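Note that this is a predicted model, so its numbers are computed, not measured.
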Amino acid sequence: MSWIDYSQNVRIRDLEESLGSAYSQMTQDRKRMRSELSHLKGDLGQRLDRVSATLDAFIELSDLRVTLSLFDGMAITRHRTLQMLDGAFLGELRLDDVPGYWLVPAARGLHHLLNGDLPRARARFAEAAEIDRERALGFTALATALTSSENAHLLGSGAATELLPHLPLPEVRPTRVQRALWLLSADGSFGDDAREHLLLSTLRHWSAEDARVATVEAWSATAPSTSGGRGRTPSKDPFAVRSRTAKALGRLREQVSHVTGPNGEDEPDRVLAPDQASVDFLKETLRLLVEEGGPEEAPLLAEARALRATIENGGEKVEPPHWNEGTDDVATLIQRDLTSTDTPLRRRTFALVVQRTTVLEDAERLAADLNTPLPETTTVSTQGVDVTIDAAGADQGQIERVRGLISERHTAGGDARSMVWVTLGIAAVLGLLALFTMNGFLWFLTLVSLGGSVLAHHSSTKGRSEGEAAIAEARRRTDERIAGAVEEWRRRRLQAEEETDAARRDLREIRRMLSV
């Protein structure tokens, strides 16, 4: 009966463990299903919201299109203008007059310009400026720069000078149109007179406002030389600091020379078309200006663009770009123009002149760090003694002290020599006793004592030879260590002097290139 009870208890325990395991698995599956269901509900909710927002935007856009159909004359003007900007040739431009809409006379001016009728183009652009001066002048400057570099010089330079008399202060964010006119002026697309005017007026304005651009870290930062290993802090060693500073000044001189070199102002009298990297930005800015619409139409078009962006982004609201929106601040844009190798050279030169004071201050600061005195002496530790090293070499008194310590540590002790004399004394005494008594055992002891004396003498001689060899080797290693330290000290000081001389030449060259 006990065996049957035991078997039943075992089966019951097995069943209980199986039930517990199944319950635990069911609990985990339930939790996972709840988590997945919650996530699925969230995704479905977000998707439904975005689909709903898309449908709402689509319906609102459909209603807006009906309202915008009332402005067909403005829409046709924009369409024809964009066609001409995209390179389409329109033999005849027929546009209805739209009161208060500057783009109609501006489009006619662009048509005359593309057909080579400069006087009539100038008159039409002036007519557009009487309606809306800012937009008409921006259109004139950008459109002429994108269609003909010569036209930009004749018509666009005046518009650019009026719209952008000087660069804003470094912390200000210019508009897209201001940045576009800045690029064209700095690149020389409006001619050298417009470029020089913007440069000088900016310097005068910033000087009056006591404004300046921050340090060009990409040019003047010292290299993070470390004492070894990744992630270590820069070495505080004076020679390493001097070397990093000199190299930083050399890199600064190289960067300035790249901008102000022989090709920095190549063919200064030639009017240059905008570079390809800037054309996309200029075209987009001009297109945004054209697509803004007339005074009554502009709010509706802005709302339509926002709704269209919502539809295109799957219900997510996105703020569409505007021709007059802000860009990065002036300081950031100047440093980008100055340090980017993709920037046209004339624009880099423009940025360097604007930031010349800061670059010079960086150079002077680095040069001032070179005046920090270097240590006159150093020490090398050997045999527990710090030996001082200067320009003349190592301290001879300390070297003699090291030699004395080496001799003391490696000189054989007197135990072996004492043992020779002790064993000889014992052998003499035993020999006398054996001679008087003629005892064989005493003679044996005498011989043993003599043998011990011989062994002690041999051991003493060997220890003395080994000690002398050890002293010679220790002194040789010490001399080599001190001589190497002296040579390294002289090499580092010579290198520091050479780097300092090179850095001072770099400073003079930087001053010369910046005409100071």
Side-chain angles (χ1 to χ4, degrees), residues 81 85 102-103 106 109-110 113 121-122 125-126 128-129 132-170 172-206 213 271-292 321-338 343-344 346-351 353-355:
T81 303
L85 292 176
W102 65 271
L103 187 58
L110 178 60
L113 187 67
R122 192 191 303 273
F125 287 142
D132 191 319
R133 193 159 193 82
E134 181 182 9
R135 289 171 174 80
L137 291 179
F139 178 87
T140 301
L142 296 181
T144 53
L146 288 171
T147 55
S148 170
S149 58
E150 191 63 31
N151 292 333
H153 183 212
L154 296 174
L155 296 178
S157 58
T161 301
E162 182 172 343
L163 285 181
L164 188 67
H166 54 72
L167 296 185
L169 296 178
V172 176
R173 298 177 59 189
T175 64
R176 288 181 65 99
V177 170
Q178 286 178 324
R179 175 57 174 168
L181 297 177
W182 173 1
L183 295 178
L184 293 169
S185 299
D187 290 349
S189 298
F190 294 135
D192 283 342
D193 291 340
R195 183 173 186 266
E196 185 177 358
H197 177 272
L198 179 61
L199 182 59
L200 296 178
S201 62
T202 299
L203 294 176
R204 286 193 295 267
H205 177 62
W206 286 14
V213 183
V271 178
L272 302 177
D275 68 295
Q276 188 58 43
S278 302
V279 166
D280 293 339
F281 177 79
L282 299 174
K283 284 184 176 180
E284 183 182 6
T285 301
L286 185 57
R287 180 177 292 274
L288 291 173
L289 177 60
V290 171
E291 291 178 345
E292 182 189 26
H322 189 266
W323 68 272
N324 218 23
E325 65 184 356
T327 58
D328 291 329
D329 59 80
V330 172
T332 300
L333 294 173
I334 285 180
Q335 293 215 15
R336 186 183 303 164
D337 290 346
L338 184 60
T343 302
R346 300 197 81 192
R347 195 189 310 164
R348 294 186 72 187
T349 306
F350 184 95
V353 175
V354 171
Q355 201 161 350

**Asked** Do P165 and S201 touch side chain to side chain, with heavy atoms closer than 4.5 Å?
**Response**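 No, too far: nothing below the 4.5 Å cut-off.
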
**Message:** Within the 4.5 Å heavy-atom criterion, are V330 and L169 side-chain neighbours or not?
**Reply:**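 Not in contact.
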
For the residue pair [X] and [Y], what are the closest heavy atoms and their distance?
| X | Y | result |
| --- | --- | --- |
| L282 | L142 | CD2-CD2, 4.2 Å |
| L110 | A143 | CD1-CB, 4.3 Å |
| T343 | R336 | OG1-O, 3.8 Å |
| L155 | T140 | O-CG2, 4.1 Å |
| P321 | E284 | CG-OE2, 4.4 Å |
| S185 | A160 | OG-CB, 4.4 Å |

**Request:** State, without any angle test, whether T285 and R176 hold a side-chain donor-acceptor pair at a distance under 3.5 Å.
**Result:**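 A donor-acceptor contact under 3.5 Å links the two side chains.
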
**Item:** Polar side chain donor-acceptor pair, R347 to S278, under 3.5 angstrom
**Value:**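 Yes.
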
To the nearest 0.5 Å, what is the distance between [atom1] on [X] and [atom2] on [Y]?
| X | Y | atom1 | atom2 | value |
| --- | --- | --- | --- | --- |
| H166 | Q178 | NE2 | CD | 9.5 Å |
| H153 | T144 | NE2 | OG1 | 11.5 Å |
| F190 | L164 | CZ | CG | 9.5 Å |
| L286 | T81 | CG | OG1 | 9.0 Å |
| L137 | L163 | CG | CG | 4.5 Å |
| E134 | W102 | CD | CH2 | 10.5 Å |

**Request:** Output, in order, the C-alpha distance, side-chain angles, deciding distance and verdict of side chain to side chain contact (heavy atoms under 4.5 Å, CB included) for L85 and R287.
**Result:** CA-CA 9 Å; L85 292 176; R287 180 177 292 274; over 6 Å; no

**Prompt:** Are more than 12 heavy atoms from other residues, nucleotides or ligands located less than 6.0 Å from atom CD of E325?
**Reply:**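 Above 12, so yes.
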
**Chi angles and distances behind the side chain to side chain contact (heavy atoms under 4.5 Å, CB included) call for R135, W323** = CA-CA 10 Å; R135 289 171 174 80; W323 68 272; 3.6 Å; yes

**Candidate list D329, D337, D328, test salt bridge (charged side-chain N to carboxylate O under 4.0 Å, His left out), partner R179, passing option** =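 Answer to the salt bridge (charged side-chain N to carboxylate O under 4.0 Å, His left out) test with R179 among D329, D337, D328: D337.
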
**Message:** Applying side-chain hydrogen bond (donor to acceptor under 3.5 Å, both in side chains) as the test, list every pair that has at least one member in residues 156-165; sequence neighbours left out.
**Reply:**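 Every pair satisfying side-chain hydrogen bond (donor to acceptor under 3.5 Å, both in side chains) with a residue in residues 156-165: R133-E162.
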
**Request:** Using modelled atom types only, decide if a donor and an acceptor are shared between the side chain of W182 and the backbone of V177 within a distance under 3.5 Å.
**Result:**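 Between the backbone of V177 and the side chain of W182 there is no qualifying donor-acceptor contact (under 3.5 Å).
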
